[in-house]
Amino acid sequence: MINSILRGFGLYAPEKVLTNADLEKIVDTTDEWITSRTGIKERHIAAEGEASSDMAYEASKQALAEAGIEPSELTHIVCATFTPDSMIPSAACRLQEKFGITGQMCLDVQAACSGFLYALQTARGYLCLEPDAKILVVASEVLSRRMNWEDRSTCVLFGDASGAAVMTAGEPGDGPEVLDIKLAADGSLGDLLTVNGGGSAYSYKLGDAVGPEYFVEFQGREVFKHAVRSMTEISEAILERNGLSKADVDVLLPHQANYRIIDAVGRRFDIPEERVFSNIHKYGNTSAAAIPVALAEAVHTGFIKPGNLVLIPAFGGGFTWGAALIRF
């Protein structure tokens, strides 16, 4: 068994901040409505010309510096995103190019908001095959380019950001250790949260108008219900698989989708609010980037302390969901 150690964390959010007050001028909404239903006060928006790989580069530089690893030492780059710069090349290849390195295995992983956990598990698999590997796991999303800014039910929820971590093999105690990851999906529920436009099932030709199908569309009540249930059940399953109980969890760090979801999962685990990490008020839902951004911030601010057992549940379009256990 290879011990998967996280050597460094990084995060990046674009300079531009879009507040709820700003949104009041764009769509029919209010700060009170957004805050009371989501917990979101502001979100970051990528600058014109700023792409997913640009943000990934900034977050990855931080993670690599913290890990004390040069980009040229990397063996793999795994990028979680559903908003890559382009269909081809992948965001991972674009990121590799920005670092000025070649030869690494580069791969994009698409599991929406669960993407970082899927990417982290992918990296663990590569590490088992190649124990000397040094793997950059990054998630980056420019969701503002997939928002229908006339749809107040979606555009108030999302923001742009990137988060990264560096994984190598090591011994227990060398650093934060990924103890276990459990993943799941149910494609039969996929139509409840979609970005259909541009896919092969939605044919288009040069000159066609861009319709709402090119942007995030979802059924909020149904997504909420499935998110809370799935995140709770898979968290219970991963604890049981590792011979642990809810009482063993020091910090709950859930996907930052909606404060009501975060609160509901915390209540089901009887974890007091002061041990539940949330930064959704500053970033909104940044999809795959939400968990690594939260991890980096929780580590750098001291919210997560050495020895803490951190439970990380996630839920995203697909539907996909998962949970990770990390011992710091």
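Since we're looking at a predicted model, the values are computed, not measured.
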Would you say [Y] and [X] are linked by a side-chain donor-acceptor pair, where the criterion is simply a distance under 3.5 Å?
X: Thr83; Y: Glu141; value: yes
X: Asn258; Y: Thr38; value: no
X: Asp85; Y: Ser53; value: yes
X: Asn308; Y: Arg275; value: no

Exercise: identify the closest heavy-atom pair between Leu253 and Ala298: CD1-CB, 4.0 Å

Least distance between heavy atoms, Ala112 atom then Gly317 atom: CB-N, 3.4 Å

Given Phe315, Phe319, Phe218, the one that forms ring-ring contact (aromatic ring centres under 6.0 Å, His included) with His226: Phe319

Cation-aromatic face contact Lys98/Tyr57, 6.0 Å, 45 degrees: no

Pair His76-Leu136, side chain to side chain contact (heavy atoms under 4.5 Å, CB included): steps then yes or no: CA-CA 6 Å; His76 302 69; Leu136 175 63; over 6 Å; no

Has [X] got more than 12 heavy atoms of other residues, nucleotides or ligands less than 6.0 Å from its [atom1]?
X: Glu73; atom1: CD; answer: yes
X: Glu274; atom1: CD; answer: yes
X: Asp151; atom1: CG; answer: yes
X: Leu129; atom1: CG; answer: yes
X: Lys61; atom1: NZ; answer: yes

Name the atoms and distances for all side-chain donor-acceptor pairs under 3.5 Å in residues 164-178, with sequence neighbours left out.
residue: Thr168; atom: OG1; partner: Arg7; partner atom: NE; Å: 2.7
residue: Thr168; atom: OG1; partner: Arg7; partner atom: NH2; Å: 3.3
residue: Asp174; atom: OD2; partner: Glu171; partner atom: N; Å: 2.7

ring-ring contact (aromatic ring centres under 6.0 Å, His included) contacts touching residues 148-183 (sequence neighbours left out): none

Sequence neighbours excluded, every pair satisfying side-chain hydrogen bond (donor to acceptor under 3.5 Å, both in side chains) that has a member inside residues 112-122: Ser114-Thr320, Gln121-Arg124

Pair Asp160 + Arg145, salt bridge at N-O below 4.0 Å: no

Aromatic ring proximity His300/Phe9, centre distance under 6.0 Å: no

